[in-house]
Protein chains: 2
Amino acid sequence: MAPTTEALTAERILEATEEALRRHGPAKATVVDVARALGVSHGSVYRHFRTKAALREAVTKRWLDRTSQILAEIARPSSSPPPEALEHWLATLFTAKRHKAGDDPELFATYSVLLDEASAVVDEHVAELVDQLSDIIHRGVMEGDFMTVDGDSVATARAVFHATNRFHDPAYAHEWEQPGIEAEFTTVVTLVLRGLRRRID
Amino acid sequence: MAPTTEALTAERILEATEEALRRHGPAKATVVDVARALGVSHGSVYRHFRTKAALREAVTKRWLDRTSQILAEIARPSSSPPPEALEHWLATLFTAKRHKAGDDPELFATYSVLLDEASAVVDEHVAELVDQLSDIIHRGVMEGDFMTVDGDSVATARAVFHATNRFHDPAYAHEWEQPGIEAEFTTVVTLVLRGLRRRID
DNA sequence: CAGATGACAGATTTCAATATCTGTCATCTG
DNA sequence: CAGATGACAGATATTGAAATCTGTCATCTG
């Protein structure tokens, strides 16, 4: 439909796929649509991605990576004392997700479907985030602010992640518009941070 | 099909509905099925329940109430010191849910569908559970074991409930069979309990 | 000859006709 | 006449035939 002289790269295919998903939704966006948008045959798309599922996974990964990259910045050492960093990290995650869900609900619904299809990609993403949390917590222990559960900062990081599920798991997106949600987030974070804080007694 | 001389009570209809749901699943269990099983016309069922939705809600409520009643027993004063009571309450909730999900996955899937349909019933159930938690926490504050967030034991109870979502929300049921889940539960509960404990410092 | 094509088989989806269900109500019955 | 019935209209679900899509591969082209 829009033939270009440009080489057919994986990147261009991903862009077109994202656009097709945005336009047609997850149920109706086909590989043929993507090929048509690029002005090539669908066979050519299969040269770059083995299956439709692999193509969608790649799109999903890109989307998730955008968030993890922002968070990686906050998890980096040097930024601020671990307790503040942790709070900031959680607040940023919540805000990012909430905006993704609220700003373009249709697109978010589309990605929610993709997320359900691509559990391996999601697992990797979660592992990445838990790693970041674990870094912050470990630093907090080193600096005397935090204590872990059972001396295991990864297990503790996972617990922090799980305890805040309601504020980042897309399954709860429909609750993110409710009025009291900010306060509820703050309460959970306060509780978790208290649980992490080293006790003097 | 099995005509009885017994009067047609709401109770008998609920029983038959549960059975129909068990046999046919949520998608195929019809009011006509229920009536047939009771040997009456479907018009008679509508004398006791205004709509099919109301009938299903009543069944759902019964199912949820079975759990809240068990937990109410644990939340009762006198039983044990609040920290232990809280831990016991959370563990019992997790175990109960896990068994419901694991022992009869098909029936659990059926009820998961009903739960999605009946958000008002679920909200009430959650409110009840949060009340129970709030009682335990309030008692813990009175006895000097706990401190709340912002002096609000209901908000704190809600936070405890949300922080442990992963271990009682049916949306996570598929994760309840995974090997490390027990340890993950314990870690989150430990973290939350630490967060509640009054600090001497 | 690297990369693109499009015909093809089997899988999946769409669509419209058909069947079943929900909820009402005038009528019946003990 | 309290309570049950079943015919009925509109809504929803099922079904099977036709259309479309996925993934492959022999063939083409610059």
Side-chain angles (χ1 to χ4, degrees), chain A residues 1-60 109-110 113-114 116-118 120-121, chain B residues 1-60 106 109-110 112-114 116-118 120-121:
Chain A
M1 203 137 252
T4 310
T5 182
E6 245 182 291
L8 185 60
T9 62
E11 182 59 25
R12 285 188 60 221
I13 294 174
L14 289 178
E15 225 111 77
T17 306
E18 223 169 27
E19 178 59 16
L21 284 164
R22 195 186 301 271
R23 289 179 98 85
H24 306 303
K28 290 191 192 163
T30 71
V31 176
V32 172
D33 288 332
V34 173
R36 199 176 7 243
L38 290 165
V40 300
S41 76
H42 75 280
S44 299
V45 172
Y46 279 96
R47 174 166 300 282
H48 292 85
F49 296 91
R50 255 201 307 289
T51 64
K52 183 188 186 184
L55 175 56
R56 286 179 167 218
E57 273 166 30
V59 170
T60 307
T110 292
V113 171
L114 297 196
D116 284 343
E117 290 172 358
V121 172
Chain B
M1 203 143 249
T4 311
T5 183
E6 244 182 291
L8 184 61
T9 61
E11 181 60 23
R12 285 187 61 222
I13 294 174
L14 289 178
E15 225 112 76
T17 305
E18 222 169 28
E19 178 59 16
L21 284 164
R22 195 186 302 272
R23 289 177 98 84
H24 307 302
K28 290 189 192 165
T30 71
V31 176
V32 172
D33 288 332
V34 173
R36 196 172 16 239
L38 290 165
V40 301
S41 75
H42 75 280
S44 299
V45 172
Y46 280 97
R47 175 166 300 282
H48 291 85
F49 296 92
R50 253 201 310 289
T51 63
K52 183 189 184 185
L55 175 55
R56 288 181 164 215
E57 271 164 33
V59 171
T60 307
E106 266 190 77
T110 291
S112 295
V113 172
L114 297 196
D116 284 343
E117 289 172 358
V121 172

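So you know, we letter chains A, B, ... as the sequences are listed, proteins then strands, and number each from 1. The structure presented is a predicted model; accordingly, all values stated were derived computationally and were not measured.
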- [ ] Mark yes or no for whether B/Ser44, through its side chain, and B/Val40, through its backbone, hold a donor-acceptor pair below 3.5 Å.
- [x] no

TODO: Please tell me which of A/Gly43 and B/Thr51 maps to the more 5' nucleotide of DNA chain C, matching each residue to the nucleotide holding its nearest heavy atom.
DONE: A/Gly43

- [ ] Check the distance between D/dA2's C1' and B/Arg47's CZ and give it to me in whole angstrom.
- [x] 7 Å

Task: Length of the line joining B/Lys52:NZ and C/dT22:C1', which is rounded to integer Å - done: 8 Å

Task: Shortest non-hydrogen contact between A/Thr110 and A/Gly25, atoms and distance - done: OG1-CA, 4.1 Å

Task: Interatomic distance, B/His24 atom NE2 to B/Glu19 atom CD [nearest 0.5 angstrom] - done: 8.0 Å

- [ ] Taking all non-hydrogen atoms of both residues into account, name the closest pair between A/Ala7 and A/Arg12 and its distance.
- [x] O-NH1, 3.0 Å

Task: Phosphate OP1/OP2 of D/dT5 contacted by B/Ser41 side-chain N/O (<4.0 Å) - done: yes

Task: A/Phe49 CZ - C/dA4 C1' separation (whole Å) - done: 17 Å

- [ ] Check A/Leu8 against A/His48 and note the closest heavy-atom contact, atom names and distance.
- [x] O-NE2, 2.9 Å

- [ ] Describe the nucleic acid contact of A/Val31 in one word from base, sugar-phosphate, nothing, applying a heavy-atom distance below 4.0 Å.
- [x] sugar-phosphate

Task: Protein-nucleotide distance (A/Arg50, atom CZ; D/dG23, atom P), rounded to Å - done: 11 Å

- [ ] Specify the separation, in whole Å, of atom CD of B/Glu117 and atom C1' of C/dT22.
- [x] 14 Å

Open item on the list: Of the listed nucleotides (C/dT22, D/dG23, D/dT5), which one gets closest to any side-chain atom of A/Tyr46?
Closed with: D/dG23

Open item on the list: Can you list every stem that DNA chain C is part of, counting only runs of 3 or more consecutive Watson-Crick or G-U wobble pairs with both distances under 3.5 Å?
Closed with: C:1-30 with D:1-30

Task: Distance, rounded to the nearest Å, where B/Ile13 contributes CD1 and C/dG23 contributes P - done: 14 Å

- [ ] State, to 0.1 Å, how close A/Arg36 and A/Asp33 come at their nearest heavy-atom pair, and which atoms those are.
- [x] NH2-OD1, 2.9 Å

TODO: Rounded off to whole Å, could you give me the CG-to-P distance for the B/Leu8 and C/dG30 pair?
DONE: 17 Å

Task: Heavy-atom pair with the smallest gap, counting every atom of B/Phe49 and B/Leu14 - done: CZ-CD2, 3.8 Å

Task: Length of the line joining B/Leu55:CG and C/dT22:C1', which is rounded to integer Å - done: 12 Å

So which protein nitrogen or oxygen atoms get under 3.5 Å of nucleotides 8-16 of chain C's nitrogens or oxygens?
none

TODO: Could you pull out the closest heavy-atom pair between A/Pro26 and A/Leu21, with the gap in Å?
DONE: CA-CD2, 3.8 Å

- [ ] Check for a donor-acceptor pair, side chain of B/Thr60 on one end and backbone N or O of B/Arg56 on the other, with a separation under 3.5 Å.
- [x] yes

- [ ] Would you indicate what B/Thr30 reaches in the nucleic acid, counting non-hydrogen atoms under 4.0 angstrom: base, sugar-phosphate, or nothing?
- [x] sugar-phosphate

